[in-house]
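Data first, discussion second: the structure below is written as structure tokens.
Naming convention: chains lettered A, B, ... in sequence-line order (proteins, then strands); numbering from 1 in each chain. Because only heavy atoms are used, hydrogens play no part in the values below, and waters and symmetry mates are left out as well, while side chains stay in.
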Amino acid sequence: MPRISNKKIADIFYEIAEYLEMEDVAFKPRAYERAAQVIETMSEEAYDLYKKDGAKAIDAIPGVGKGMTEKIVELFKTGRLKYLQSLKKKFPVKIREITAIEGVGPKMVKTLYKKLKIKNLRDLERAARAKKIAKLPGFAQKTQQNILEGIEFLKKAKGRVPLGHYIELAYAIRDKLKKTPGISHVEVAGSVRRRRATIKDFDLIACSTQPKKLLQKFTSLSEVARVLERGKNRAFVRLKEKIDADLLVLPKDKYGSALLHFTGSRFHNIKLRTMAKERGWTLNEYGIFKGKKLLASKTEEEMYKTLGMDWIPPEIREDRGEIEAALKHKLPKLIPYGSVQGDLQIQTNWTDGANSIEEMVRAAKKLGHKYIAITDHTRTLAMTGGLDEKGLARQAKEIDKINKKNKDFRIIKSAEINILKDGKLDINENGLKKLEIISVAVHSGFSQNERVMTNRIIKAMQNPYVNILFHPTGRILGRRPEYAINIDEIIKAAKKFNVALELDCYPDRMDLKDTNVRKAVAAGVKIVIDTDAHHIDHLKYISLGEAQARRGWAKKSDVINTLPVNKVLAFFKKVRLDKLRKKR
DNA sequence: GCCGTTTTCGGCCCGACTGTTTTCAGTCG
């Protein structure tokens, strides 16, 4: 049975949604999109659910009913989907490839295919260059030009990008707009405000008495490469950094409704609007209305309160139960920003890091950290010059020396120990004993099958010395998928063997992902938030980790390194002693 | 195609902007 990934199922459902959109089918496209989005971001693989509990487990996925369950099961059984094949037969078009162009949707694809037999991006580019597009009914010069420019952009753009590489730019743009006359509010909304691990564009909202002036300033910022849209209260630009930015400007008393609208997520908004509708109200970016009467718009708190619920932190606005919790006044108290007191994964120039231990210490202190763990790679990671037992001992001496010089700061002796293919560690027991925190990670054999990989990691976690599993699923955003592991079993083992799971918040990793954090936390597994810094400039990413922990509904008490250093060390020491005692 | 403290049938979020139009369809968020 082919192991079809969630990503693959989601891609197929998105594709179906576009084909149905093309045929003007009502409502179904959104049903498929909604299901695709849920499957794409859920914590466990649908395939694992199916193997364990059969079709009923698939049917239990929110947004997936009888029809889609059948289709998913067919994919698992045959690796194919007859329904998609029949859609493709009718319109043999690479629809998602073409609709990736900004401003080109399913309806245009249909015309392009019917009139010019355009099936993919290459056909489209050729037709546009030959000036054939402008002659089509409903198309003209401008559309043809937009298509050509859109194709050029697509060639350079990378799709969704890691938040951490762009977040500073988003806020820099916000800050530039702050000084515009007439402005009362300006804020970054959208997936940046929700702190999704990857983003597609920037959504900004502002309130101003002079929207024209503000939009003028926005579209003429030095960061802007091209203006895509510009209306009375909205503009859409393409930045030189190969990412788009959207600005919505409304009057001051609409700040709350505008911010809510532009923060999303889409499905969070849809649920709120449906709730408003059930009461005979309407909800839009201008407020909540009963007929023409305005019920709320000034602040988000007021908006939520009018709907009978508590204010919901943006990080969890994904329609994953937060609305129901807010209605019952039972939202979790999410870990506050600034809670993490020390970073427990840092590489230095002893292996593949760029800076010395002392440089890392200085940078960490500047950030307000009270401690860091030095976690250079170990022996078998040869390309990084991994340390063996002797190397670790030499490094320990160096750490002792620096610790003596720093009274108000503590360096913890640790390592990122390699889990070998059979689940053994590449540092012997004597070496392990000398470390204060023992963290382990997989760095090879990524293609092992799920059973082998899962057992391998669980075997490592059983080792009584092991405290933390680093970047548990191994994903690199946009480059490498998670390795095949059964995250449920990993979480169960983490609980059983008292091993913390890392939320590695280097922007390209963000691993554990939000939905896995939520599962781990629900299972009572402890989390640590680390940057995996290889350079002093990486330490600042810790707030991205806090953001993602919030997205996983984590509380401060779920995260070990919110504790002061003595408690952190005591915690791990106790775990080790308990495990050694049990072993005997 | 999904879903249900009104429901297993009858609903399904809402508005701005563009381009090609003479009142709107398509796209986007």
Spacing of A/Ile147 atom CD1 relative to B/dT18 atom C1', expressed in whole Å:
13 Å
What's the closest nucleotide to the side chain of A/Lys28 if the choices are B/dC13, B/dG1, B/dG15?
B/dG1
Is it true that A/Arg320 and A/Glu315 have a side-chain N and a carboxylate O under 4.0 angstrom from each other?
no
What interatomic distance, in whole Å, is found between C1' of B/dC9 and the corresponding atom of B/dG15?
29 Å
For B/dT20 versus B/dA25, give the span between their C1' atoms, rounded off to a whole number of Å.
10 Å
Could you tell me whether A/Glu40 and A/Arg196 have a side-chain N and a carboxylate O separated by less than 4.0 Å?
no
Send over the distance from A/Arg30 CZ to B/dG11 P, rounded to a whole Å.
15 Å
What I want to find out is whether A/Arg194 reaches A/Asp514 closely enough, with some N-O distance under 4.0 Å, to be called a salt bridge.
no
Name the nucleic acid region contacted by A/Asn269, choosing base, sugar-phosphate or nothing; use a 4.0 angstrom heavy-atom cut-off, strictly under.
nothing
Euclidean distance, atom CD of residue A/Glu324 to atom C1' of B/dT5 [Å, nearest integer]:
13 Å
Specify whether A/Tyr541 and A/His165 have parallel, tilted or perpendicular ring planes, treating 30° as the upper limit for parallel and 60° as the lower limit for perpendicular.
perpendicular
In whole Å, what is the span from the NZ atom of A/Lys277 to the P atom of B/dT6?
17 Å
Can you tell me how far C1' in B/dT5 sits from the matching atom in B/dG1, rounded to whole Å?
24 Å
Separation of A/Leu250 atom CG from B/dA16 atom P, in whole Å?
9 Å
Taking CD from A/Gln141 and P from B/dT20, how many angstroms apart are they, rounded to a whole number?
9 Å
Does A/Leu283 reach a base, just sugar-phosphate, or nothing at all? Heavy atoms under 4.0 Å.
sugar-phosphate
A/Leu20 or A/Ala140, whichever maps to the more 5' nucleotide of DNA chain B
A/Leu20
Base-contact (B) and sugar-phosphate-only (S) positions in nucleotides 24-29 of chain B, heavy-atom cut-off under 4.0 Å, - elsewhere
--SSSB
Given B/dT20, is OP1 or OP2 found less than 4.0 Å from the side-chain N or O atoms of A/Thr143?
yes
Touch class at under 4.0 angstrom, heavy-atom based, for A/Lys66 against every strand present:
sugar-phosphate
Could A/Glu546 and A/Arg550 be called an ion pair, given the rule that one side-chain N must be under 4.0 Å from one carboxylate O?
no
Regarding A/Val64, tell me which of base, sugar-phosphate or nothing describes its non-hydrogen contacts under 4.0 Å with the strands shown.
sugar-phosphate
Pair A/Lys513 + A/Glu482: basic N to acidic O under 4.0 Å
yes
Contact class for A/Pro29 (heavy atom, under 4.0 Å): base, sugar-phosphate, or nothing?
nothing
A/Lys71 side chain N/O closer than 4.0 Å to the phosphate oxygens (OP1, OP2) of B/dG1?
yes
Let me spell it out: for each of A/Gly67 and A/Ile270, pick the nucleotide of DNA chain B with the closest heavy atom. Which residue's pick is nearer the 5' end?
A/Gly67
Counting heavy atoms from C-beta on, name the nucleotide in B/dT20, B/dC2, B/dT18 closest to the side chain of A/Arg230.
B/dT18
A/Tyr83 and A/Tyr32 aromatic ring geometry - parallel, tilted or perpendicular at 30°/60° bounds
parallel
Please tell me which of the listed nucleotides, B/dG1, B/dC14, B/dA16, lies nearest to the side chain of A/Tyr32?
B/dG1
Determine the Euclidean distance between corresponding C1' atoms of B/dT18 and B/dC12; express it in Å to zero decimal places.
27 Å
Expressed as a whole number of Å, how far does the P atom of B/dC28 sit from that of B/dT23?
25 Å
What interatomic distance, in whole Å, is found between P of B/dG26 and the corresponding atom of B/dT22?
13 Å
How about A/Lys110: does its NZ atom have over 12 heavy atoms from other parts shown lying under 6.0 Å from it?
yes
Separation between the C1' atoms of B/dC14 and B/dT21, rounded to whole Å:
23 Å
Salt-bridge contact A/Asp11-A/Lys7 (side-chain N to carboxylate O under 4.0 Å)
yes
What's the CH2-C1' distance between A/Trp281 and B/dC14, to the nearest Å?
17 Å
Mind calculating the distance between CG (A/Asp59) and P (B/dG1) to the nearest angstrom?
14 Å
Does B/dC9 have a Watson-Crick or wobble mate here (both distances under 3.5 Å), and if so which one?
B/dG4
P atoms of B/dC13 and B/dC3, separation to the nearest Å
14 Å
